[in-house]
**Student:** 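This structure is in structure tokens; I'll ask about it shortly.
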Amino acid sequence: MTDDRLIVALDVPDALAGLKLTEQLGDAVGFYKIGLGMLTGGGLALANELKTEQGKRIFLDMKLFDIGATIEAAVRGLAQFDLDFLTVHGDPHVVRAAKEGASGKPMKILAVTILTSLDRADLDAGMIKQGDVPDLVAERAGRAFDAGADGVIASPQEAAMIRALPEAAGRLIVTPGVRPAGSALGDQKRVATPAQAIADGADHIVVGRPIWAAQDPLTAAEAILAELRG
Ligand code: C5P
């Protein structure tokens with residue numbers, strides 16, 4: 001059985017490249033994230049193929065945000081694709097509408113609290129209320145859980161704080177920004193190792209470049225899986 005705590009981000013240009021990578025990873029990886037970058041490159045078709053032909057689990061990272069009626073309609077449509085996780089922004093009206101759209105389907109709604117690439121200056125520019133980023137993340141996570149979110153996306157450095165919230169009991173924490181010791185950070189700022197992220201309360205880690213940009217993606221994935229086992 002695959003260790004589905006590892007979710008590999010398929011941040012490659014199109015479905016063909018995605019399929020090639022999943023073939024390289026074979027049985028080692030059972031859970032894939034498909035994001036906005038692949039939407040016009042056949043992302044939904046790839047999601048469908050990985051699910052129905054290969055039995056993989058799929059996380060569609062759409063980070064939806066709109067009026068409630070539009071979110072509900074979009075999520076109802078996406079729920080037909082037999083996806084496992086879908087992201088929306090963590091605003092309570094968005095989460096409530098997404099849960100309504102997903103009702104009757106097993107697809108879990110994960111809320112984005114504050115994008116991990118944003119710092120206080122970005123929040124000021126966006127007219128987001130005063131406060132330290134971690135405090136705002138905890139508050140948004142709590143509100144998203146109250147609105148019915150099945151889980152949240154958070155930086156690994158926020159995982160322990162969110163796990164400690166009473167509202168987080170029984171909910172999922174999924175962390176990108178994970179880097180094995182010694183690997184390049186890229187544009188990620190607040191990172192942790194795979195083992196640390198899980199120890200801090202993450203249920204799943206999302207890893208992209210350290211696997212898909214590696215010379216040997218399978219070896220890179222297996223090293224991360226070994227770290228999780230250890
Ligand atoms: O290559 P890397 O491991 O940094 O990829 C992380 C993945 O997680 C990317 O697909 C990125 O879009 C996604 N992500 C993130 N930070 C968030 C939400 C999603 O890095 N807050």
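Predicted model only: the values in this text are computed from it and were never measured. All ligand and atom numbering here is 1-based and tracks the order in the structure.
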**Student:** With a 4.0 Å cut-off on N to O distance, would you call Arg143 and Glu139 a salt bridge?
**Tutor:**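 A salt bridge is present here (some side-chain N lies under 4.0 Å from a carboxylate O).
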**Student:** Indicate yes or no for a side-chain donor-acceptor contact from Glu227 to the backbone of Ala195 under 3.5 Å, with no hydrogens or angles considered.
**Tutor:**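 The answer is yes, because a donor-acceptor pair under 3.5 Å joins these two groups.
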**Student:** Flag the pair Arg171 and Asp203 as a salt bridge only when some basic side-chain nitrogen lies within less than 4.0 angstrom of an acidic carboxylate oxygen.
**Tutor:**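 No salt bridge links Arg171 with Asp203.
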**Student:** Under a strict 4.0 Å criterion on non-hydrogen atoms, which protein residues are in contact with ligand 1?
**Tutor:**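 Lining ligand 1 at under 4.0 Å, by heavy atoms, one finds Ala9, Asp11, Lys33, Asp61, Lys63, Thr116, Pro176, Arg179, Gln188, Val206, Val207, Gly208, Arg209, Pro210.
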**Student:** Using side chain to side chain contact (heavy atoms under 4.5 Å, CB included) as the criterion, list what pairs up with Gln130, not counting sequence neighbours.
**Tutor:** Arg120, Asp124
**Student:** Answer with yes or no whether the hydrophobic clustering places Leu21 together with Leu16; edges join I, L, V, M, F, W, Y residues whose side-chain heavy atoms lie under 4.5 Å apart.
**Tutor:**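 As far as the 4.5 Å side-chain criterion goes, Leu16 and Leu21 are not connected within one cluster.
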**Student:** Check each of Phe59, Phe85, Tyr32 against His204 using the ring pair (Phe, Tyr, Trp, His ring centres under 6.0 Å) test, and report the only one that passes.
**Tutor:**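 Answer to the ring pair (Phe, Tyr, Trp, His ring centres under 6.0 Å) test with His204 among Phe59, Phe85, Tyr32: Phe85.
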